[in-house]
Amino acid sequence: MLKDGSASSNPIVDIISEPKDKEKRPRCRYKKRKKNTTLIDCDQCSRKWLMFFSKWTYIGIIFILVALLGKQALVNKTVVQSIFLYNLLEIMLNLFSTIGIALLIGAIFDFSKNSNSFMKFISNILSEVVISKTFLQQLNNVDKRKALELILQPTGDQISQHTSINAYFQKRISESMSIFNTNFKTNLVLSLEARKNNGKVEIRGTLSNRIYKIENKYKPILTIFERSNSSLSNTRIITPDGVSYIDQNMISIKEEDEAGIKYKHFSFDIPEAYYKYPYLTIQKDVFEEGYDHWTNFHWTSLTPCDGIDFTLVCCNDLEIKEHVVFDRKDSYVVTKSADSKRISIISTSWLNAFTGFTMTIGEVVPN
């Protein structure tokens with residue numbers, strides 16, 4: 001098995017039929033009619049506008065009128081002989097005027113907030129603010145997760161069917177949040193050859209892909225084999241300035257037991273001298289030894305990748321027996337030669353991590 005990747009740390013005219021009594025029905029201009037909608041009676045329009053004239057509207061008008069009439073009376077100072085009483089009345093009239101205006105404005109706002117147009121206007125403003133790019137960019141990871149949890153919630157039917165379905169939604173949210181710290185690769189090319197050597201089926205070839213920086217640095221490069229006698233060699237970094245080989249001593253090798261299978265890990269860090277490049281092309285030679293007359297080859301990508309171009313050619317008396325793609329089949333184009341000596345698997349879609357394919361290679365059975 002071969003696993004490769006970086007280590008993870010959407011003018012109209014209304015025709016109204018005439019009543020039987022031939023009297024024309026009054027038309028309402030309060031609301032424009034749309035196709036397939038009912039006509040709103042003028043009485044309904046009138047009642048809607050009368051909602052504006054609440055008791056507070058009348059009180060406000062009365063206060064303003066009292067203030068105006070009182071000030072008009074105070075113009076003739078002979079009406080009030082006392083200066084103290086004159087100033088007191090002037091203050092009271094100004095207070096009446098202010099209160100009346102405030103009541104009228106309040107009535108206007110109270111009428112507006114209950115109207116459909118006003119609610120739609122406010123809703124549009126809030127929607128633009130909440131989903132705007134600048135607003136979302138200011139959210140930290142904790143707030144982004146909370147926003148996803150509010151949006152991605154199981155329906156009532158799903159919860160009634162299975163109470164722990166919310167755990168699945170939480171898992172998907174965690175996977176989505178990990179995208180910000182997940183490395184990915186493009187231009188993935190895997191060219192392999194299977195042949196017999198010293199009585200064993202061997203697979204050799206070259207793996208090449210392009211990697212990109214995450215948080216202004218490159219993640220360690222990790223390659224995993226299923227068999228302990230596998231190897232990784234001639235690892236090189238290609239930049240616009242040329243090709244550089246990674247010292248074999250810089251590559252750490254360790255074996256780990258995962259689900260009862262011992263895997264061989266090869267990993268190395270990208271030197272900081274390469275951080276100045278926006279991307280790097282990594283090439284490496286891979287080798288995996290099988291058994292005396294057959295072997296299984298597995299490919300799994302440890303990180304998301306933008307497509308893959310895979311080719312395997314069988315030499316000697318070997319052929320491809322079976323192959324299986326463990327991913328969406330419509331994301332791949334699989335071409336196998338008539339003699340089963342060559343197979344190519346190509347995808348131009350974005351592929352998720354831990355997807356790939358497997359195939360069995362064995363000796364040709366004589367007819």
Side-chain angles (χ1 to χ4, degrees), residues 1-5 185-210 222-236 238 243 261-264 266 281-367:
M1 171 181 279
L2 176 59
K3 300 181 182 179
D4 177 77
K185 53 179 172 279
T186 64
N187 302 73
L188 176 59
V189 179
L190 189 56
S191 180
L192 302 177
E193 180 183 86
R195 65 169 63 242
K196 289 195 70 174
N197 185 29
N198 297 326
K200 295 290 184 70
V201 178
E202 297 177 349
I203 295 181
R204 297 177 181 269
T206 302
L207 170 64
S208 175
N209 64 269
R210 181 177 291 178
L222 177 64
T223 307
I224 303 176
F225 293 91
E226 187 181 20
R227 301 185 179 96
S228 59
N229 55 4
S230 304
S231 66
L232 183 73
S233 60
N234 296 325
T235 303
R236 48 219 181 258
I238 302 175
V243 180
I261 301 176
K262 287 188 176 181
Y263 292 95
K264 193 173 183 179
F266 294 82
T281 298
I282 307 296
Q283 285 186 347
K284 45 199 169 187
D285 296 337
V286 295
F287 168 80
E288 190 172 71
E289 185 180 77
Y291 307 101
D292 54 354
H293 66 278
W294 70 281
T295 189
N296 282 331
F297 176 78
H298 310 281
W299 162 259
T300 302
S301 177
L302 298 178
T303 60
C305 58
D306 185 11
I308 184 173
D309 186 350
F310 170 85
T311 304
L312 185 140
V313 178
C314 295
C315 303
N316 310 122
D317 57 346
L318 299 176
E319 65 177 0
I320 300 164
K321 300 292 186 180
E322 300 287 345
H323 69 276
V324 176
V325 175
F326 44 94
D327 196 1
R328 290 177 57 92
K329 304 299 185 292
D330 55 0
S331 297
Y332 300 83
V333 176
V334 181
T335 306
K336 185 179 178 181
S337 63
D339 58 359
S340 298
K341 304 283 283 186
R342 185 181 188 277
I343 187 172
S344 68
I345 301 176
I346 299 175
S347 176
T348 57
S349 304
W350 272 100
L351 307 175
N352 292 325
F354 305 107
T355 58
F357 42 82
T358 182
M359 58 194 64
T360 301
I361 303 156
E363 292 181 343
V364 178
V365 178
N367 295 328

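Since we're looking at a predicted model, the values are computed, not measured.
- No side-chain donor-acceptor contact under 3.5 Å links Lys196 to the backbone of Cys315.
- Leu207 places a side-chain heavy atom less than 4.5 Å from the side chain of Trp299.
- One finds the CG atom of Asp306 at 8.5 Å from the OG atom of Ser347 (value rounded to the nearest 0.5 Å).
- Side chain of Lys341 to main chain of Leu318: a donor-acceptor pair is present (N/O by atom type, distance under 3.5 Å, no hydrogens or angles).
- We find the OG1-NZ distance between Thr223 and Lys284 to be 3.0 Å, quoted to the nearest 0.5 Å.
- Rounded to the nearest 0.5 angstrom, Glu226 CD and His298 NE2 are separated by 4.5 Å.
- Salt bridge present: Arg204 and Glu202 bring a charged side-chain N and a carboxylate O closer than 4.0 Å.
- With contacts defined as side-chain heavy-atom distances shorter than 4.5 Å, the pair Gln283/Val189 does not qualify.
- Across all their heavy atoms, Asp292 and Lys200 have their closest contact at N-CD, 4.0 Å.
- We find that Arg227 and Glu288 are joined by a salt bridge, their nearest charged nitrogen and carboxylate oxygen being less than 4.0 Å apart.
- Counting heavy atoms from C-beta on, the side chains of Lys264 and Leu232 never come closer than 4.5 Å.
- Note that CD1 of Ile308 and CG of Asn187 are 12.0 Å apart. Values are rounded to the nearest 0.5 Å.
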Q: Test side chain to side chain contact (heavy atoms under 4.5 Å, CB included) on Arg328 and Ser349 and set out the steps.
A: CA-CA 10 Å; Arg328 290 177 57 92; Ser349 304; over 6 Å; no
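- Here the side chain of Ser337 pairs a donor or acceptor atom with the backbone of Arg342 at under 3.5 angstrom.
- Listed for the Thr358 side chain is a donor-acceptor partner under 3.5 Å among the backbone atoms of Phe297.
- Leu188 places none of its side-chain heavy atoms less than 4.5 Å from the side chain of Phe310.
- Considering all non-hydrogen atoms of both residues, Val243 and Arg236 come closest at CG1-CB, 3.9 Å.
- The minimum heavy-atom distance between Val201 and Trp294, with the atom names listed, is CG2-N, 3.6 Å.
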Q | Stepwise side chain to side chain contact (heavy atoms under 4.5 Å, CB included) check, Val334 with Val325 | A | CA-CA 9 Å; Val334 181; Val325 175; 4.2 Å; yes
Q: Mind running side chain to side chain contact (heavy atoms under 4.5 Å, CB included) on Val365 and Lys321 for me, showing each step along the way?
A: CA-CA 10 Å; Val365 178; Lys321 300 292 186 180; 3.7 Å; yes
**Q.** Derivation and outcome, side chain to side chain contact (heavy atoms under 4.5 Å, CB included), residues Ser230 and Val286
**A.** CA-CA 8 Å; Ser230 304; Val286 295; over 6 Å; no
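- Of all the heavy atoms in Ala194 and Leu312, the pair that sits closest is CB-CD2, 4.4 Å.
- Note: Thr348 OG1 to Asp309 CG = 11.0 Å, rounded to the nearest 0.5 Å.
- At least one side-chain heavy atom of Asp327 sits under 4.5 Å from a side-chain heavy atom of Leu351.
- Atoms CD1 and OG, on Ile361 and Ser340 in that order, are 11.5 Å from each other to the nearest 0.5 Å.
- Aromatic ring orientation, Phe357 versus Tyr332: perpendicular (interplanar angle above 60°, classes split at 30° and 60°).
- When atom types are taken as modelled, the side chain of Asn209 and the backbone of Lys185 share no donor-acceptor pair closer than 3.5 angstrom.
- Between Ser208 and Thr281, the closest side-chain pair of non-hydrogen atoms falls below 4.5 Å.
- Looking at every heavy atom in both residues, Glu363 comes nearest to Glu319 through O-OE2, 4.2 Å.
- For the pair Thr300 and Phe326, the tightest heavy-atom approach, listed with the atom from each and the gap, is OG1-CZ, 3.7 Å.
- Looking only at distances, a side-chain donor or acceptor of Lys336 sits under 3.5 Å from a matching main-chain atom of Ile320.
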